[in-house]
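A quick write-up on the structure given underneath.
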Number of protein chains: 2
Amino acid sequence: MHKKKEFSKEDLELAKYLKALSHPARISIMKQLASSTTCFCGEIVEVLPLSQSTVSQHLKELKEAGLVKGEIEGTKVCYCIDDIEWQKAIDVISSFLNNNFHKKIECC
Amino acid sequence: MHKKKEFSKEDLELAKYLKALSHPARISIMKQLASSTTCFCGEIVEVLPLSQSTVSQHLKELKEAGLVKGEIEGTKVCYCIDDIEWQKAIDVISSFLNNNFHKKIECC
DNA sequence: TCAAATCATCGTAATATTACGATATTATAA
DNA sequence: TTATAATATCGTAATATTACGATGATTTGA
C-alpha cells in the first residue's frame with residue numbers, strides 16, 4: 001500500500017503539513033501556542049477534551065512535522081511553534097490555495 | 001473514540017477541509033481540476049499512480065467535503081471544483097494561517 | 001438489442017490513526 | 001534519598017484510511 005513515492009516531492013510536502021493540521025485537537029493546539037496564552041503541556045491538556053497521553057501523542061505528531069518544538073523547563077515542557085518551519089508551511093499551503101487557481105475555466 | 005463533538009465548530013470545519021486535502025492524490029486531483037487540463041475521471045486516473053477504483057474513492061472524499069462536484073457527460077464523468085465551497089475553504093484555511101499568528105511572543 | 005466504454009461500488013486486506021490507562025522517565029522539592 | 005509532579009512512552013483496542021480487483025450500473029455506438 002501507500003504508493004506515495006510516486007507523487008511529486010512538492011505534493012508530498014504539502015500533504016505532510018496538511019495532514020499534521022487535519023485534526024481538530026492539533027488545530028486547537030496550534031492556536032493555543034500562537035496566542036501564547038498556553039504553552040505548557042499540562043495547560044494544553046486542560047483545554048482539550050482528551051487525556052494527557054493522547055495530547056502528548058498529538059504534540060509528537062506536530063513535532064514530527066516540524067511545526068512545533070518543545071523545551072524542558074524543570075519538570076514541565078514548554079511547547080512553541082517553530083517559526084521557520086511554520087512560515088514554510090504557510091508559504092507552501094498558501095501557494096497551493098492561491099497560485100493554482102487563477103484560470104477558472106468552467107468545464108461542467 | 002473520536003470525541004470530536006467537543007471541539008469548536010470552527011475547528012471541526014477547518015479540520016474537514018484540511019483532511020480532505022491531506023493526501024497527495026487529492027492534492028494532485030485539485031491541481032489538475034484547477035488547471036483545467038484534465039477534468040474527466042479517466043484522465044485523472046492516467047496521471048495518478050493509482051488504480052481507477054482508488055481514484056474514484058479519492059474523488060468521492062473530495063465530493064463529500066464539498067470541494068468538488070461531478071457531472072455525467074455521456075459515458076464519462078466530468079469533475080469540477082465547486083467554486084463557492086472552494087472559496088470558503090480558502091477563506092477558512094487562510095484565516096487560520098494568517099490571523100492567529102501575529103503576536104509571536106517567544107516563550108521558549 | 002448487444003457490446004464496449006466509463007465510472008461507481010462492493011468486498012476485502014493491510015496499515016494508520018485515535019484514544020485510553022498503565023507505566024516509565026525526569027526533574028524538583030522535601 | 002525519596003516522594004511528588006509533569007510528561008513521554010508502551011500496550012492495546014476500536015475505528016479509519018488506503019488500496020486493489022471484481023463486479024455492477026449506465027450510456028453510447030454498432
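The figures that follow rest on heavy atoms only: side chains count, while hydrogens, waters and symmetry mates do not. Letters go in sequence order (proteins before strands), and every chain restarts at 1. Bear in mind the structure is a predicted one, so any value in this text is a computation, not a measurement.
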Checklist entry - Say you draw a straight line from CG of B:L48 to OG1 of B:T54; how long is it, rounded to the nearest 0.5 Å? => result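 Separation between the atoms: 10.0 Å.
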TODO: Check if the side chain of A:Q52 and the base of D:dA6 share a donor-acceptor pair of N or O atoms closer than 3.5 Å.
DONE: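 Not at all, since no donor on one side and acceptor on the other fall under 3.5 Å apart.
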message: If you assign B:F40 and A:T54 each to the DNA chain C nucleotide with the nearest heavy atom, which residue ends up on the more 5' nucleotide?
response: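 Looking at the nearest nucleotide for each, B:F40 comes out on the 5' side.
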Please tell me which of B:E43 and A:H58 maps to the more 5' nucleotide of DNA chain C, matching each residue to the nucleotide holding its nearest heavy atom.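 Nearest-nucleotide comparison on DNA chain C picks B:E43.
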Ignoring the backbone of [X], work out which of [options] is nearest its side chain.
| X | options | value |
| --- | --- | --- |
| B:R26 | C:dT18, D:dT18, C:dA19 | D:dT18 |
| A:L50 | C:dA19, C:dA27, D:dA8 | C:dA19 |
| B:S53 | D:dT7, D:dA22, C:dA27 | D:dA22 |
| B:C41 | C:dC7, D:dT7, D:dT18 | C:dC7 |
| B:T75 | D:dT27, D:dA6, D:dT7 | D:dT27 |

task: Could you tell me whether the SG atom of B:C80 lies less than 2.5 angstrom from the SG atom of B:C39?
output: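 Answer is no, sulfur atoms not closer than 2.5 Å.
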inquiry  = Assuming nearest nucleotide by heavy-atom distance, tell me which of A:K60 and A:K76 is located more 5' along DNA chain D.
reply    =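 On the 5' side of the pair lies A:K76.
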Looking only at side-chain N and O atoms, does [X] come under 4.0 Å of OP1 or OP2 in [N]?
| X | N | answer |
| --- | --- | --- |
| B:K19 | D:dA16 | no |
| A:S56 | D:dA8 | yes |
| A:S51 | C:dC20 | yes |
| B:H23 | D:dA19 | yes |

- Query: Hey, does B:Q57 reach any base, or is it just sugar-phosphate, or nothing, if we go heavy atoms under 4.0 Å?
  - Reply: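 B:Q57: base contact, heavy atoms under 4.0 Å.
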Checklist entry - Does A:K88 come within less than 4.0 Å of A:E13, counting only side-chain N to carboxylate O? => result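 A salt bridge is present here (some side-chain N lies under 4.0 Å from a carboxylate O).
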With under 30° as parallel and over 60° as perpendicular, where do the rings of A:H23 and A:H58 fit, or are they tilted in between?
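Rings of A:H23 and A:H58: tilted, 30 to 60°.
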